[in-house]
Each structure stands twice: as C-alpha cells, then as structure tokens.
Amino acid sequence: MKIASKEVSAVSLVKEAFEKAKKYEDKHIFVSLNEENAIARAKEIDERIARGENVGRLAGVPYALKDNFLSKEGNTTASSLMLEPFHSPIDSTTVKKLEAEGAIMIGRTNMDSFAHGSSTENSYFGPTKNSIDDERVSGGSSGGSAVAVALDIVEFATGTDTGGSIRQPASFNGVYGLKPTYGTISRYGVVAMASSTDCVGFFTKTPDDMDLLMSICAGQDKTDMTTLPDYYNETPETEVKRIGIIKDFDNDAVDKNIRDALAKKVEFLENKGYEIVELEMPTLKYALAVYYIIVPAEISSNLSRHDGIRYGYRSKNAKDLGEIFSKSRNEGFMSENKRRIMVGNFVLSSGFYDAYYLKAQKARTKIIEEYNKAFEKVDFILMPVSPSPAFKLGEKVNDPVSMYLEDVMSVPTNLAGVPSLAVPAGKTKSGLPLGLQVVGPRRSDKNILKFAKVLEEDE
Ligand code: GLN
C-alpha cells in the first residue's frame with residue numbers, strides 16, 4: 001500500500017475505485033456505495049498531505065466494509081430486511097481504527113443475511129457472483145468483500161468469520177483471508193452472529209497488507225470484554241519447522257483439484273527442508289455437528305433483540321403488540337435465519353439442553369484439546385478450506401445440509417479459537433481459484449503471515 005508519497009492523489013484513487021465498482025455492477029458486490037462521503041474524505045486527506053500533516057498508515061486507501069459493521073455512514077443492514085432501515089449512531093471499533101489511519105470506505109459489501117451462509121445466496125438483496133465466473137457463487141458469508149478485493153476494486157475489505165465466512169470466500173476468489181485468534185480484534189459495533197466464535201478479520205492481496213491491518217486493528221478494547229491484550233504487535237518470531245497435514249480429511253469427499261493443490265504445496269515445503277508430519281485428529285469430524293448446535297443456540301439468543309420495536313424493520317400488518325413481534329420477525333428474517341433461530345431454541349429448550357447443547361460443549365472441549373495436542377507436534381497445520389472450489393449458483397440453495405457440509409473444514413478452528421489464514425493455491429484448469437488454510441496455535445497470527453510469504457514463493 002504505497003500512498004501519501006504524493007505520486008497519486010487520494011481523490012484519484014477513490015474515484016478509480018468507484019469506476020471499477022460500477023464496471024462490475026453486475027457482480028452485485030456492494031449493497032450500497034458511499035460516493036459523496038468518500039470523495040469528501042479523500043479531498044480532506046489530499047489537503048492534509050499538501051500541508052505536510054501526518055495522515056496515517058492507510059491514508060487515502062479505499063476499502064470495502066462488510067455490511068455487518070456499524071458505521072455512521074449509510075445504513076448497516078447485515079444484508080437483511082430486518083435491518084434495512086437501520087442507520088447506526090456509532091462507528092464500530094474496526095471502522096474507527098481504520099479511519100483514524102486514513103482509510104476510506106467506498107461501500108458496504110453484500111453478505112448472507114446476518115452472516116448465515118456460505119454463498120451470499122441468503123442475502124436479502126440477492127447473491128454476489130464469483131469474481132471469475134458469473135455462474136458460480138462468491139462464497140460466503142463475506143462474498144462481496146472477497147470479490148471486491150479479488151477484482152481489485154479496493155486494496156482490502158473487512159470480514160467476519162464465525163465458521164469460515166472469511167476463509168471460504170477468500171479461497172473461492174484467490175485472495176488472502178485471515179480469521180485471527182479469537183479475541184484479537186474488537187467486535188464492538190459488529191452485528192453479532194455467534195458470540196463464542198465470531199471474529200473480525202480482513203481480505204487482502206498480500207500477507208504484508210494483512211500484517212499492516214492486523215497491527216492497526218488488534219488489541220484490547222474496553223467495549224468488547226472478549227478482546228485480548230495486544231499480543232499481535234509483541235509476537236516473538238518463531239522458527240517454523242514442522243508442518244502438519246491431517247490424514248482424516250484426505251479422502252474422496254475432497255475435490256481432486258484441492259487435494260492436488262495441497263500435495264503440491266507439501267512437496268514444495270519438503271523441498272525447502274520443512275518436516276511434514278501426518279496428524280490424526282479424529283474428533284474434527286464432529287466439529288460440523290457441534291458447530292450447528294452451538295452456533296444456532298447463540299444465534300437464537302443474539303437475534304432476539306430484533307423485535308420490531310427498538311430498531312430496524314417493523315411489519316405494517318401488525319394489529320397488536322404480539323403481532324409486531326411475530327410479523328416483524330417473520331417478514332424481516334430470511335428463512336435461513338429462522339431455521340437457525342428454531343434449531344437454537346430447540347437445542348436450548350429444557351428437555352433437550354443436556355442431550356444437545358451440553359453434549360456439544362463437551363465435544364467442543366475435546367476439539368480444543370485435539371488442537372492443543374497437535375500443536376505440540378507441529379508448528380502449523382496446512383489443510384483445505386473447503387471440500388470444493390466455488391460451486392454453481394443455485395446448486396445447494398434448497399438443501400441446507402449440503403450447504404452446511406461446505407463448512408466441514410472451516411468450522412473446527414472457530415470452535416477452538418485458533419487463527420487460520422486462507423492462502424491462494426493455484427487454479428483449476430478452467431481458472432477457478434483454489435485455496436488452502438494455514439492453521440496455527442492461539443496467538444500465532446503474525447507468524448502465520450510470515451509463513452504465508454514462504455508459501456507465496458511457490459505461486
Ligand atoms: N458458513 C457458515 C455458516 O453458515 C459460516 C458463517 C460465518 O462464518 N459467518 O454458519
């Protein structure tokens with residue numbers, strides 16, 4: 001990100017970003033553009049540069065904001081009707097930090113409504129198309145953000161990852177996507193999905209850009225009690241020697257292109273002198289089932305605040321208070337949101353709590369232990385992000401279970417709270433991007449990014 005050197009003005013950069021955004025209008029990347037405000041901010045930054053003022057590390061850099069980050073600019077809708085009329089009175093901590101460094105938000109990106117999904121097909125505004133193939137999905141839930149970066153409209157975009165929503169769209173579009181260690185970046189001002197797994201992260205074109213964003217946004221925030229003290233900028237450099245690959249996932253359920261991409265990277269690493277260690281992680285296969293109990297439970301609780309009274313959408317057909325709640329929620333939520341609310345209430349209900357929710361929490365502990373053990377044997381794990389490259393629009397939309405299966409390799413890290421970076425790993429013959437993920441122990445985010453630079457040499 002080379003800005004502020006006066007070679008190129010912030011205004012021209014921002015205008016260029018809008019030109020590109022409009023050129024790709026058919027991809028349906030943005031749910032709203034922030035043109036007037038963005039150009040005004042760019043002018044201000046150019047003036048400050050001309051006066052020789054210190055303008056920050058992201059001065060004039062255009063970025064895209066996932067539609068579930070609150071910001072005073074425009075409406076934050078989480079791509080749902082429920083919040084479609086919602087104008088936020090506050091900026092999320094991430095927006096504040098990025099803008100304090102001079103970044104300029106050019107628009108809000110499309111996502112699955114309330115981040116429930118893996119393709120953006122659950123968006124109230126309709127899906128985002130894949131960056132290179134109009135018939136395929138962008139991935140999700142942060143599909144718009146991934147495509148905005150892949151098509152070079154912006155330098156970076158924000159995302160949230162509850163069970164893969166940054167890494168999967170990143171890999172479907174050939175960019176970097178980081179889900180940091182749980183608690184690294186404040187979630188204050190981000191529409192909550194599942195509070196015990198939600199993470200804020202980014203999409204970038206290089207590991208170095210990711211590092212810069214992390215160094216700006218990581219750190220404790222008194223308005224988010226789950227944030228960790230800033231370990232990121234204090235991370236000691238570790239030597240990486242042993243890379244784990246998980247035997248349990250090496251099977252026919254994974255697309256051959258992805259298995260080949262993994263094998264190619266493994267060979268490259270072996271040639272560079274890394275030791276490759278085969279790991280058995282048998283509990284990981286339960287992660288998907290555990291995720292789809294714990295996450296809906298948290299969703300049902302987090303979405304209870306959307307009642308048609310306090311903010312957001314209110315049904316016009318309601319005759320009394322009861323109907324305001326029920327009709328607003330029925331009309332405002334998408335069917336996937338409602339499915340999760342129902343599953344969540346079911347697994348938390350008194351007769352089923354022990355059998356489902358409590359059992360899932362116990363299995364979650366086992367998953368955490370399995371990662372702890374794995375990281376005694378290896379420094380990082382290299383594995384696929386998802387079982388296939390970008391699938392066709394409409395292919396899974398009527399089959400929630402096959403859509404959920406998409407998340408089988410991305411959710412374990414969220415349950416364990418460990419960091420994971422999606423890295424580009426070549427393409428299929430027809431040009432579809434492939435991705436792998438580097439998973440590390442808690443607080444190893446910075447070293448993962450360093451390691452990603454080694455993998456980058458093999459492009
Ligand atoms: N695809 C996963 C889900 O539908 C993950 C979503 C996310 O990370 N926000 O739950």
Side-chain angles (χ1 to χ4, degrees), residues 1-8 10 13-14 17 38 41-42 45 48-49 53-66 69 91-106 109 142 145-146 148-150 152-161 166-167 170 174-181 183-187 199-221 227-238 419-424 438 440 443-457:
M1 296 183 191
K2 351 164 200 120
I3 315 268
S5 58
K6 293 190 203 170
E7 280 166 49
V8 39
L13 267 180
V14 165
R41 285 209 63 209
I45 284 177
R48 286 173 55 196
I49 293 175
E53 287 175 27
N54 182 359
V55 281
R57 286 175 284 174
L58 299 172
V61 177
Y63 79 100
L65 190 68
K66 186 177 178 182
F69 284 77
D91 282 330
S92 52
T93 300
T94 300
V95 165
K96 263 195 216 143
K97 286 186 170 179
L98 293 172
E99 301 202 349
E101 293 287 347
I104 300 179
M105 193 268 273
I106 70 145
T109 56
S142 323
S145 284
V149 174
D152 211 16
I153 296 171
V154 284
E155 285 300 316
F156 73 92
T158 69
T160 53
D161 193 310
I166 292 178
R167 289 161 290 150
V175 295
Y176 288 86
L178 177 66
K179 179 206 104 61
T181 301
T184 303
I185 298 181
S186 169
R187 298 173 302 179
C199 289
V200 166
F202 303 100
F203 295 87
T204 62
K205 290 170 237 174
T206 67
D208 281 337
D209 286 354
M210 193 70 81
D211 177 50
L212 176 62
L213 295 171
M214 288 298 290
S215 68
I216 291 168
C217 293
Q220 201 153 29
D221 180 0
T227 46
L228 299 165
D230 181 15
Y231 68 85
Y232 186 84
N233 289 301
E234 318 276 304
T235 311
E237 195 163 336
T238 54
S420 173
L421 174 74
V423 299
V438 182
R443 306 184 188 220
S444 65
D445 313 41
K446 197 173 178 86
N447 286 315
I448 291 183
L449 291 172
K450 286 217 180 84
F451 178 66
K453 293 179 73 167
V454 176
L455 292 174
E456 207 180 11
E457 292 166 21

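Residue indices begin at 1 and follow the sequence shown.
Between Asp208 and Lys453 there is a salt bridge, with a side-chain nitrogen of the basic residue lying less than 4.0 Å from a carboxylate oxygen of the acidic one.
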Test side chain to side chain contact (heavy atoms under 4.5 Å, CB included) applied to Leu228 and Arg443, step by step:
CA-CA 10 Å; Leu228 299 165; Arg443 306 184 188 220; 3.5 Å; yes
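None of Val175, Ile166, Thr160, Thr109 except one satisfies the side-chain contact (heavy atoms from CB on, under 4.5 Å) rule with Ser145; the exception is Thr109. Checked options Thr93, Val200, Asp91; the residue passing with Phe69 is Val200 (criterion: side-chain contact (heavy atoms from CB on, under 4.5 Å)).
The closest side-chain heavy-atom distance from Phe156 to Asp209 is not below 4.5 Å. By the 4.5 Å heavy-atom criterion applied to side chains, Leu58 and Glu155 are not counted as neighbours. Residues Tyr176 and Val423 meet the side-chain proximity criterion, which asks for heavy atoms closer than 4.5 Å. Using a 4.5 Å heavy-atom threshold, the side chains of Tyr63 and Val95 count as touching. A 4.5 Å side-chain heavy-atom check between Phe202 and Thr94 finds at least one atom pair inside the cut-off. Between Val154 and Val149 there is a side-chain heavy-atom pair separated by less than 4.5 Å. Between Asp152 and Lys205, the closest side-chain pair of non-hydrogen atoms falls below 4.5 Å. Residues Ile185 and Met214 meet the side-chain proximity criterion, which asks for heavy atoms closer than 4.5 Å.
When all heavy atoms of Gly174 and Pro424 are compared, the closest pair comes out as O-CG, 3.7 Å. Met105 approaches Ala38 most closely through the heavy-atom pair O-CB, 3.7 Å. Residues Ser420 and Arg167 approach most closely at OG-CD, 3.3 Å, considering heavy atoms. Looking at every heavy atom in both residues, Leu98 comes nearest to Cys217 through CD2-SG, 3.7 Å. Closest non-hydrogen pair, Ile106 versus Ala17, comes out as CD1-CB, 3.9 Å. Pairing each heavy atom of Ala170 with each of Ala146, the nearest pair is N-CB, 4.1 Å.
Looking at residues two or more places apart in sequence or on another chain, you find a ring-ring contact (aromatic ring centres under 6.0 Å, His included) between Phe451 and Tyr274, Phe380. Under the rule for a side chain to side chain contact (heavy atoms under 4.5 Å, CB included), the partners of Ala218 that lie at least two apart in sequence or sit in another chain are Thr184, Asp230, Tyr232.
Residue Ser444 holds its OG atom at 11.5 Å from NZ of Lys450, rounded to the nearest 0.5 Å. Distance check, rounded to the nearest 0.5 Å: CD of Glu101 to CD1 of Ile216 gives 4.5 Å. Here the CG atom belonging to Leu421 is positioned 6.5 Å from the CD1 atom belonging to Ile448, to the nearest 0.5 angstrom. Here the CD1-CG distance, from Ile104 to Leu13, works out to 8.5 Å after rounding to the nearest 0.5 Å.
Under the 3.5 Å distance criterion, with hydrogens and angles disregarded, a donor-acceptor pair is assigned to the side chains of Thr181 and Asp445. A donor-acceptor contact under 3.5 angstrom links the side chains of Ser142 and Lys66, judged on distance only.
Under a 3.5 Å cut-off, the side chain of Arg187 and the backbone N or O of Cys199 do not form any donor-acceptor pair. Under a 3.5 Å cut-off, the side chain of Asn233 and the backbone N or O of Ser215 do form a donor-acceptor pair.
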